[in-house]
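Written out below as structure tokens is the structure these notes cover.
In what follows, every heavy atom counts, from backbone to side chain, and hydrogens, waters and symmetry copies are set aside.
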Amino acid sequence: MVKKILLNKNLPFKSRIRNFLSYYQVLRGARIGWKDRFKKIFVIHPEFRTPDQEMLEDNHRKYWEAFSGKVSMNTYRVCKSISGCSTPEYIPEEIYVADIEATLNRDISIDYYNNKSFYNLWFPGSVFPKDFIHNVDGEFLDSNLNAITYNQVAAIAQTLDYPVVIKPTKDSGGGKNVFFPANPDELLSLIGTNKNLVVQEKIRQHDFFNKYNPQGLNSIRVSLYRSVRDNKIHVLNSTLRMGMGGSLDNETAGGIYSLINEDGRLNGYAINKDGTRFERHPDTLLGFDEKIPDMEGLKELAIKVTSRIFYARIVSLDACYDAGGNWRIIEANVLGQHTIRFAQYSGQPFFNRFTAEVVEYCRENHWALLKTA
């Protein structure tokens, strides 16, 4: 891809140099970050370093060589080692960051959809958690995004049904700085700790999901793709995320996850962030073979929500099934939080049957070929 950027006749020479430098910076950061992450995984699972058959690894290299002259085998070997499945279509993590996501979701305006304070504004109703208080860049707002004083915040805090959820409106990945105050005093002690936060209802989950982890909300990550060929929205994969040992369901916080097959059943095992497989939930000892209720309803809702997210071709939604048997969307992720390893460590390429069209599109419409950085 570097050569293609530098020889791009559609841009002036200076623009090509600027784009090359921008691309090199992104690629270098992705390579360093994922090299460090894989290094930690290999300490825990040195067997993941073992090369696969030479022909299979060559097929993988050739599939992705249009983006990188030297394709790292780390992603492929970890995916194959955990799942036992070989396919050249596993996306190398570095290429996903520097080439694929950066091309498919290149419009910076989509960052708007990452802000939890605006969920109920762009998708009103009871799909997202009900919100009570916002702090947007240091200004307190009510549920209708009208400016209010701190005294009004304190008054609202007295009326809420506890516990509630308080979290940053952005950058709360991995459950970072997410708290569940049990009374007004706890809430008010937390509400001044961040200039961008939201206070929401705490959704009670359905008994089906309580079986796996009753201590916290278990969610389903649904990844969707708006096709570059026909602009239709497709569900790529779905994954059940569960807490473990008192953790939140986020894998970076200590949770585990299990891919959901097309028939709605879990695929037989769960995985943690280090690639360790679990045949049963360590806390509840439940196996991972049950059928998730109403998956078709979740897919229908996910497509409906995604249809109102524009300028992004990859969207990952976090959903939960509430006590009343209704699917709710907790968060929308459009930049840097798609966690492609959920599918790939489970033996499924992230883009599934759309991999070839994504590769072709990103090779010909790469972000560093089409704009001046």
Side-chain angles (χ1 to χ4, degrees), residues 22-23 26-27 29-30 67 91 93-125 127-129 168-174 196 198 219-239 241 298-319 327-344 348-371 373:
S22 295
Y23 175 65
V26 173
L27 181 60
F67 298 104
I91 309 173
E93 293 278 6
E94 306 86 351
I95 290 176
Y96 177 78
V97 173
D99 302 281
I100 306 298
E101 184 186 24
T103 298
L104 295 178
N105 286 9
R106 63 174 174 263
D107 192 319
I108 61 173
S109 64
I110 64 175
D111 191 45
Y112 166 83
Y113 297 106
N114 272 341
N115 194 311
K116 301 173 187 66
S117 278
F118 304 144
Y119 286 168
N120 286 305
L121 181 66
W122 60 264
F123 204 98
V127 172
F128 285 94
T169 53
K170 297 192 294 183
D171 302 324
S172 61
N196 290 282
V198 61
S219 67
I220 291 181
R221 167 67 59 85
V222 186
S223 294
L224 302 103
Y225 164 63
R226 190 187 294 268
S227 173
V228 297
R229 290 186 176 171
D230 58 17
N231 230 34
K232 291 182 180 179
I233 298 169
H234 306 272
V235 173
L236 295 174
N237 48 73
S238 303
T239 305
R241 308 189 307 170
L298 173 57
K299 292 177 182 178
E300 182 180 334
L301 176 62
I303 290 173
K304 185 177 181 180
V305 170
T306 302
S307 70
R308 299 191 187 181
I309 298 178
F310 303 99
Y311 308 113
R313 293 198 175 274
I314 316 169
V315 174
S316 292
L317 302 176
D318 293 337
W327 285 110
R328 308 284 298 278
I329 305 298
I330 307 167
E331 294 184 8
N333 305 285
V334 293
L335 287 173
Q337 299 181 52
H338 300 291
T339 323
I340 66 173
R341 60 187 172 275
F342 285 173
Q344 299 205 145
Q348 182 183 111
F350 179 70
F351 283 102
N352 213 325
R353 66 186 185 277
F354 301 100
T355 306
E357 77 171 60
V358 168
V359 170
E360 179 184 4
Y361 178 85
C362 292
R363 187 175 61 239
E364 299 304 320
N365 300 274
H366 195 280
W367 65 271
L369 297 176
L370 298 181
K371 71 174 185 178

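Residue-environment remark: CD (Glu300) stays at or below the threshold of 12 foreign heavy atoms within 6.0 Å. Enclosure of atom OH in Tyr112 by more than 12 non-hydrogen atoms of other residues, nucleotides or ligands within 6.0 angstrom is indicated.
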Side chain to side chain contact (heavy atoms under 4.5 Å, CB included) between Ser109 and Phe310, intermediate numbers included:
CA-CA 9 Å; Ser109 64; Phe310 303 99; over 6 Å; no

One pair to check against side chain to side chain contact (heavy atoms under 4.5 Å, CB included): Leu224 and His234. What are the steps and the verdict?
CA-CA 6 Å; Leu224 302 103; His234 306 272; over 6 Å; no

What verdict does the side chain to side chain contact (heavy atoms under 4.5 Å, CB included) test give for Val228 and Phe354, after you've listed the backbone C-alpha separation in whole Å, the side-chain angles of each residue and the deciding distance to 0.1 Å?
CA-CA 10 Å; Val228 297; Phe354 301 100; over 6 Å; no

Evaluate side chain to side chain contact (heavy atoms under 4.5 Å, CB included) for Ile314 paired with Ser223, printing each intermediate quantity in order.
CA-CA 7 Å; Ile314 316 169; Ser223 294; 5.8 Å; no

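The minimum heavy-atom distance between Pro124 and Arg308, with the atom names listed, is CD-NH1, 4.2 Å. Across all their heavy atoms, Leu236 and Asn352 have their closest contact at O-ND2, 3.6 Å. Closest approach of Arg221 to His338, counting heavy atoms only: NH1-O, 3.4 Å. Residues Arg313 and Ser227 approach most closely at NH1-O, 2.9 Å, considering heavy atoms. The two residues Ile330 and Ser219 come nearest to each other via the heavy atoms CD1-CB, 4.0 Å. Between Asn120 and Gly125, the shortest heavy-atom distance links the atoms OD1-O, 4.0 Å.
Between Phe128 and Phe123, the two ring planes are perpendicular [angle over 60°; tilted spans 30° to 60°]. Note: Phe351 and Tyr96 have tilted aromatic rings, judged against thresholds of 30 and 60 degrees for the angle between ring planes.
Side-chain contact between Asn365 and Leu370: present, with at least one pair of heavy atoms (C-beta onward) separated by less than 4.5 Å. Taking 4.5 Å as the limit, some side-chain heavy atom of Asp318 sits within range of a side-chain heavy atom of Arg241. Between Phe118 and Thr169, the closest side-chain pair of non-hydrogen atoms is not below 4.5 Å. Glu331 places a side-chain heavy atom less than 4.5 Å from the side chain of Tyr119.
Summarising the geometry, atom NZ belonging to Lys232 is positioned 14.0 Å from atom OG belonging to Ser307; distances are rounded to the nearest 0.5 Å. Atom CD1 of Ile100 is separated from atom CD of Glu93 by 12.0 Å, given to the nearest 0.5 angstrom. Separating the CG atom in Leu301 from the NZ atom in Lys299 is a distance of 13.5 Å, to the nearest 0.5 Å. Put simply, CH2 on Trp367 and CG on Asp99 are 8.5 Å apart, with the number rounded to the nearest 0.5 Å. Leu27 contributes atom CG, which lies 12.5 Å from atom OG of Ser22 (distance to the nearest 0.5 angstrom). Rounding to the nearest 0.5 angstrom, the gap separating the CD1 atom in Ile329 from the OG1 atom in Thr306 is 8.0 Å.
Val222 pairs with exactly one of Asn237, Val235, Val305 by the side-chain contact (heavy atoms from CB on, under 4.5 Å) rule, that one being Val235.
Of the possible polar contacts, none joining the Asp111 side chain to the Leu335 backbone as a donor-acceptor pair under 3.5 Å is found. With hydrogens and angles disregarded, no donor-acceptor distance shorter than 3.5 Å links the side chain of Gln348 to the backbone of Ala343. Using a distance-only test at 3.5 Å, with no hydrogens or angles considered, no donor-acceptor pair links the side chain of Arg226 to the main chain of Val315.
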